[in-house]
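Numbering of residues begins at 1 and proceeds along the displayed sequence.
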Amino acid sequence: MNTSPASNHAQRLLEESGLTSSHEPIDGVLVSIFLERHYRLAGRLGRLATEKDDTFRLRTDAGDYLVKVSPPGEAAEIVDLQTAAMRFLEGTAPQLPVQRVKLTVGGDDSVTIRLHDGTRRMLRVFDFVAGPVLAQTSPDAEQLAKAGAMLGRVDVALKAFTHPADGRGLVWDIRHFHQLTGLVQYTPDPEHRRLAREVFWNFDEAVVPRLSDLETQVIHGDFSPYNVVVDPSSDEHFVTGVIDFGDTVRSAVIFDPAVPMANLLGRTPDQPWRDASAFLAGYQRERPIRASELPLLPVAALARLTLRALLTNWRAERAPERREYLLAHAKDDWTNIERALTVSLNDVVAQLRESRHGHA
């Protein structure tokens, strides 16, 4: 089966994003040896399902940790970008509940594992943030606004952050969406293909002509409901953890809230944009979006959701060991895209403007 996207640019983006190759899961015994040698940590190591790396929860007598081993195709400078962004936030905005990086006994952020096949993988250890993620709860409008406000604060804090690798090529970066039309051919359902083409058309018309003048900075890149740890019982501190900086990249600011908005589309079938609008209202209280860029947000959110839907089956075919994880995260995407498209984009923009506070 041919599973290569049509364009060279798309293929390169997928390669740089570490999505074109599968790999054998790393041996947990080897990970335990490195943890003991470099971190003086020992305990029960349990594997967690993830998108592309190898991730474990380490339970020790002193507490729990999250252990990540980068995929073989991920360059060391990309891993360093992710870690550096977290370190930057720890230093400039320590009040934000961003997951903390644990140093090795030698004072390093990570350890390089050199495998017998010549590949090198980076091992990092983080504090484990306990609690449900947003996706496992049923947040109301106020809680969604609090989650939005947290992303706004993260983006405000990241504004001054730079890194040599922050201009990385990343297939999940929405600025590349219009160059990924070749993925449509791998979607078997004709109605799904029609929906995808409608979203591509909207993106070409509204966003592509503006790409060069959008406000940009380094963004989190994947503030999805699976990367936000919450405490539903707390009125004051709803968001208790911001995790997974794996998609950190320099891109348009509006593409950061577009990711969680995409994940919230269609949850209420009769008002498919309601939850996304509530999230954005909170975001804008902390990080107002330029009035001229606000109309692009719903198009960007639809693009992000469509991109995930298009990539899911393509990736599940290439990486059968992650098929269950991938399909579970994207099972309702086409339904939610269809629901969201039943509302005119002009009406959505008007809805977003009503909840907008302040002007940039």
(request) Using distance alone, with no hydrogens and no angle criterion, decide if R250 and T216 have a side-chain donor and acceptor under 3.5 Å apart. (result) no

(request) Consider only side-chain N and O atoms of Q82 and R124, and report whether a donor and an acceptor are under 3.5 Å apart. (result) yes

(request) Kindly indicate whether the side chain of T83, heavy atoms from C-beta on, has any atom under 4.5 Å from the side chain of S110. (result) no

(message) Do S344 and N346 pair up side chain to side chain, a donor and an acceptor below 3.5 Å, judged on atom types alone?
(response) no

(request) Step through it carefully: locate the ring centre of F177, locate the ring centre of F200, and say whether they are under 6.0 Å apart. (result) yes

(message) Closer than 3.5 angstrom, by distance alone: can the side chain of Q143 be matched with the main-chain N or O of D140 as a donor-acceptor pair?
(response) yes

(message) Within the supplied structure, the quantity of interest is the number of heavy atoms (other residues, nucleotides, ligands) at a distance under 6.0 Å from R44 CZ; does it exceed 12?
(response) no

(request) Report yes or no: does H237 contribute a side-chain atom to a donor-acceptor pair with the main-chain N or O of V230 at less than 3.5 Å? (result) no

Tell me which donor-acceptor pairs under 3.5 Å the side chains of residues 150-164 have, and how far apart each pair is, sequence neighbours excluded?
unit_1, atom_1, unit_2, atom_2, d
R153, NH1, E286, OE2, 3.2
D155, OD2, Y283, OH, 2.7
H163, ND1, A165, N, 3.0
H163, NE2, D80, OD2, 2.7

(request) Determine whether more than 12 heavy atoms belonging to other residues, nucleotides or ligands lie under 6.0 Å from atom CD of E36. (result) no

(message) Treating D256 as the side-chain partner and H220 as the backbone partner, does any N or O pair qualify as donor plus acceptor under 3.5 Å?
(response) yes

(message) Please check this pair: side chain of R168 against backbone of T248, looking for a donor-acceptor N/O pair closer than 3.5 Å.
(response) yes

